[in-house]
Amino acid sequence: QVQLVESGGGLVQDGGSLRLSCAASGGTFSVYNMGWFRQAPGKEREFVAAITWSGRSTSYGDSVKGRFTISRDNAKNTVYLQMNSLKPEDTAVYYCAVDRRGSALVSHPVGYNYWGQGTQVTVSS
């Protein structure tokens with residue numbers, strides 16, 4: 001049983017920055033690949049970023065490449081998403097997720113086993 005709690009969301013102006021955090025408990029965080037997804041009202045859940053258990057490899061959705069950075073601190077059981085140059089189209093609920101049995105990084109939500117409750121990010125125009 002893995003529990004994930006996201007934090008750091010809020011309201012930010014167009015062009016601003018936020019850093020999201022996801023704290024994990026109840027599992028072995030250091031061996032899990034981790035991902036960030038987002039979902040806006042009326043839209044499907046969208047892949048944002050993923051990172052391997054070691055932090056050696058990362059992957060990003062096309063819409064956030066060059067603006068967002070995923071990282072992790074295994075000693076703190078925490079994964080981060082640094083979001084820069086935010087745009088109104090980034091407005092969504094952001095979720096972190098665990099790929100418990102993953103090896104290669106995956107970008108589809110069906111590949112993830114556990115999910116947090118999400119944190120709202122709103123970017124004003």
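- Both Val12 and Leu81 belong to a single network of hydrophobic side chains, linked directly or stepwise wherever heavy atoms of I, L, V, M, F, W or Y lie under 4.5 Å apart.
- Considering all non-hydrogen atoms of both residues, Tyr32 and Gly27 come closest at OH-CA, 3.7 Å.
- No side-chain heavy atom of Val121 sits less than 4.5 Å from a side-chain heavy atom of Val93.
- Nearest heavy atom pair, residue Pro109 against residue Trp115, reads O-CZ2, 3.4 Å.
- A distance of 4.0 Å separates OG in Ser63 from CD in Glu46, rounded to the nearest 0.5 Å.
- Listed here is the closest heavy atom pair of Asn74 and Phe29: OD1-CE2, 3.1 Å.
- Val31 and Val79 fall within the same hydrophobic cluster, defined by Ile, Leu, Val, Met, Phe, Trp and Tyr side-chain heavy atoms under 4.5 Å apart, directly or through other members.
- A 4.5 Å side-chain heavy-atom check between Leu86 and Leu18 finds at least one atom pair inside the cut-off.
- Atoms CE and OG1, on Met34 and Thr78 in that order, are 9.0 Å from each other to the nearest 0.5 Å.
- Interatomic distance, Ile51 CD1 to Asn33 CG, rounded to the nearest 0.5 Å: 9.0 Å.
- Distance check: Tyr112 OH to Leu4 CG gives 12.0 Å after rounding to the nearest 0.5 Å.
- Checking Arg100 against Thr28 by side-chain atom types alone, no donor-acceptor pair falls below 3.5 Å.
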Residues Val48, Phe68; criterion side chain to side chain contact (heavy atoms under 4.5 Å, CB included); working and verdict: CA-CA 8 Å; Val48 175; Phe68 292 10; 3.7 Å; yes
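- Rounded to the nearest 0.5 angstrom, Cys96 SG and Arg38 CZ are separated by 15.5 Å.
- Taking the six-membered ring for Trp and thresholds of 30 and 60 degrees, Phe47 and Phe37 have ring planes more than 60 degrees apart, a perpendicular arrangement.
- Evaluation of the side chain to side chain contact (heavy atoms under 4.5 Å, CB included) rule for Ser7 yields Ser21 as partners, not counting sequence neighbours.
- Using a 4.5 Å heavy-atom threshold, the side chains of Ser124 and Asp14 count as separate.
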Residues Cys22, Trp36; criterion side chain to side chain contact (heavy atoms under 4.5 Å, CB included); working and verdict: CA-CA 9 Å; Cys22 174; Trp36 284 98; 3.7 Å; yes
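- Looking at Glu6, its side chain does come within 3.5 Å of a backbone N or O of Gln117 through a donor-acceptor pair.
- Here Asp90 does not pair with Lys87 in a salt bridge; the nearest charged N to carboxylate O distance is not below 4.0 Å.
- Other residues, nucleotides and ligands contribute over 12 non-hydrogen atoms within 6.0 Å of the CD atom of Glu89.
- Contact record, Gln3 with Gly26: OE1-CA, 3.9 Å, taken as the closest heavy-atom pair.
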Full working for side chain to side chain contact (heavy atoms under 4.5 Å, CB included) between Tyr94 and Met83: CA-CA 11 Å; Tyr94 283 71; Met83 305 184 295; 3.8 Å; yes
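- Side chains of Ser17 and Asn84: a donor-acceptor N/O pair is present below 3.5 angstrom, by distance only.
- Side chain of Thr52 to main chain of Ser57: a donor-acceptor pair is present (N/O by atom type, distance under 3.5 Å, no hydrogens or angles).
- Stacking of Arg72 on the aromatic ring of Trp53 is not recorded, the 6.0 Å distance cut-off and the 45° axial limit not both being met.
- The same ILVMFWY cluster, assembled from side-chain heavy atoms under 4.5 Å apart, contains both Tyr114 and Ile70.
- Between the side chains of Thr91 and Gln120, no donor-acceptor pair of N or O atoms lies under 3.5 Å.
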Verdict with reasoning, Arg67 to Tyr60, per side chain to side chain contact (heavy atoms under 4.5 Å, CB included): CA-CA 10 Å; Arg67 299 188 297 121; Tyr60 296 92; over 6 Å; no
